[in-house]
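What follows is a single structure, written as structure tokens, with notes after it.
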Amino acid sequence: MNTKIVKIQSKGAPFSAEEEDAFRLAGEILKSGGLVAFPTETVYGLGGDGLNKESVRKIYAAKGRPQDNPLIIHISHLKDIALIVKDCPKAARRAAESFWPGPLTMILPKTDMVPYEVTGGLDTVAVRFPSHPVARKLIECGGGYVAAPSANLSGRPSPTTAKYVVEDMNGRVDMIVDGGDGDIGLESTIVDMTVSPPRILRPGFITKEMLEQALGEVDIDETIIKPDSGQAPKAPGMKYRHYAPRGELTIVEGPSQDVIAYMNEAAAADRASGEKTGIIGTSHFLASYCADVVKCVGNREEEETIARNLFTVLREFDDDGVTRIYSESFDSQGLGQAIMNRLLKAAGHKVIKL
Ligand code: TXA
Ligand code: MG
């Protein structure tokens with residue numbers, strides 16, 4: 001398949017005449033069952049018509065994704081939810097008012113319009129109303145219901161820049177819309193609204209604390225915070241190894257000076273046995289590290305920077321051919337919870353506690 005790559009430089013409406021043409025073409029592709037990768041405020045999505053079984057099958061094939069791992073349907077107007085959601089509880093309406101458009105996905109009971117191919121056989125559907133102007137315009141042009149997983153090959157880190165979408169999806173989709181770098185860098189928070197109190201199935205930029213402020217009591221899926229609990233996660237996708245760089249990643253937790261000493265020694269020993277070593281650190285400690293490749297993931301005082309850079313840093317280690325990676329560990333509160341959740345999955349839960 002020949003993949004058309006187009007750039008959208010405008011940050012929002014008005015779009016240039018050329019950009020309008022690109023959106024029109026993307027819309028036609030989606031409406032006729034094709035696939036278009038596009039930017040959102042979290043990560044890039046791999047979009048197809050969410051109400052068309054054939055497009056949905058193509059999404060799974062392009063990603064190499066297991067069929068029991070359901071997709072999120074993206075909308076561009078709140079009212080459009082009525083066609084795909086059977087009933088919208090009060091808490092969901094309140095969450096929509098507070099956080100939509102934005103990086104929040106809600107699990108709600110589905111109508112018959114939503115094919116079981118999208119939901120992996122479940123009677124619920126994941127719905128998200130993104131804030132990114134390019135995403136919204138594309139969804140609108142594509143008929144209003146765009147099913148989109150993250151635009152990476154299954155198991156790889158989610159792409160936050162078009163470069164990595166091209167790397168994974170060139171030749172597998174009809175079109176890639178390059179809208180620049182993602183702002184948030186981690187996928188949306190997923191909240192199950194079919195239970196009371198609402199339950200977080202995947203942590204993200206919208207934190208438990210933020211949700212509690214808007215909704216009152218909010219639960220969190222145990223498997224997110226206790227990965228060894230032996231329970232199956234409620235979001236089917238959370239059970240797979242994910243976000244994994246090619247190198248073997250280990251998280252090191254403990255007092256900073258001990259972490260630095262441990263990582264430097266481990267990296268030196270690995271290098272002596274022929275490995276190419278990497279360290280993921282935060283700005284404050286960066287100068288203390290010694291490995292073949294040392295990367296700054298961000299600044300602990302501004303956790304958003306860490307969220308934004310994490311997947312890119314993991315991908316860059318692949319570009320550098322690093323085979324052993326050590327990373328600092330992060331908080332289990334606030335945004336740190338989402339960062340740590342992705343890092344743990346990327347490491348296959350390999351953590352050294354000092
Ligand atoms: O930020 C995001 O959410 C990005 C952008 C593109 O919007 N999308 C994304 O999609 O991360 P994906 O497919 O990579 O992750 C969707 C997650 C999976 O873990 C899946 O199991 C869960 O949502 N999910 C989807 N439908 C569900 C349902 N009905 N019940 C429970 N979990 C569901
Ligand atoms: Mg994904």
Side-chain angles (χ1 to χ4, degrees), residues 35-48 50 56 59-60 62-76 84-86 99-111 114-132 134-136 138-139 146-160 164-165 168-169 177 179 182-195 198-206 221 223-224 232-244 307 311 338 341-342 345-346:
L35 302 185
V36 179
F38 63 99
T40 81
E41 69 277 21
T42 57
V43 300
Y44 273 77
L46 163 56
V56 173
I59 294 176
Y60 284 100
K63 261 190 84 100
R65 178 175 175 122
Q67 299 274 347
D68 70 340
N69 188 1
L71 307 176
I72 298 171
I73 296 192
H74 297 69
I75 56 173
S76 56
I84 55 172
V85 168
K86 202 147 63 185
F99 303 111
W100 273 0
L104 176 74
T105 296
M106 291 199 260
I107 308 295
L108 291 158
K110 81 173 196 71
T111 63
V114 181
Y116 280 113
E117 280 76 1
V118 175
T119 68
L122 298 173
D123 286 316
T124 52
V125 60
V127 188
R128 174 154 123 77
F129 177 3
S131 61
H132 196 296
V134 173
R136 289 170 68 171
L138 181 101
I139 296 161
V146 174
S150 46
N152 50 285
L153 287 174
S154 200
R156 307 269 302 132
S158 301
T160 50
Y164 291 126
V165 179
D168 279 15
M169 290 299 153
V177 178
D183 184 34
I184 292 174
L186 298 179
E187 309 87 341
S188 61
T189 306
I190 303 181
V191 183
D192 186 352
M193 290 292 180
T194 67
V195 293
R199 177 174 300 154
I200 299 173
L201 306 185
R202 179 174 73 183
F205 187 80
I206 308 288
D221 185 357
T223 60
I224 291 169
K234 273 212 66 188
M238 298 300 278
K239 71 174 179 263
Y240 296 103
R241 176 145 191 255
H242 225 130
Y243 314 121
F311 288 147
N341 168 263
R342 306 310 194 276
K345 287 163 76 61

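Remember, it's 1-based here, ligands and their atoms both numbered in the order they're listed.
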Side chain [X], main chain [Y], donor-acceptor under 3.5 Å:
| X | Y | value |
| --- | --- | --- |
| T40 | T42 | yes |
| S131 | G102 | no |
| Y44 | G179 | yes |

Give, for atom CD1 of I139 and atom NE2 of H132, the distance between the pair rounded to the nearest 0.5 Å. 11.0 Å
Can you list the atoms of ligand 1 that are under 4.0 Å from a heavy atom of [X]?
| X | value |
| --- | --- |
| T124 | 28 (C), 29 (N), 30 (N) |
| L122 | 28 (C), 29 (N), 30 (N) |
| A148 | 8 (N), 10 (O) |
| I72 | 3 (O), 8 (N), 9 (C), 10 (O), 16 (C) |
| S188 | 1 (O), 2 (C), 3 (O) |

When you measure from atom 20 (C) of ligand 1 to each heavy atom in T119, N69, L46, which option holds the nearest one? N69
Of I190, V127, T189, which has the heavy atom at the shortest distance from atom 22 (C) of ligand 1? I190
Checking heavy atoms under 4.0 Å, the part of R65 that sits near ligand 1 is side chain
Heteroatom proximity flag, R128 to ligand 1, N/O under 3.5 Å: yes
Under-4.0 Å salt bridge between E41 and R128: yes
Y164 atom OH, over 12 foreign heavy atoms within 6.0 Å: yes
How about S150: does one of its N, O or S atoms come closer than 2.8 Å to the Mg ion (ligand 2)? yes
Run the contact test for K110 against ligand 1 with a 4.0 Å cut-off on heavy atoms, strictly below, and give the result. no
Please step through side chain to side chain contact (heavy atoms under 4.5 Å, CB included) for the pair I75 and I84, ending with a clear verdict. CA-CA 10 Å; I75 56 173; I84 55 172; 4.2 Å; yes
Distance-minimising heavy-atom pair for I206 and P103: CG1-O, 3.7 Å
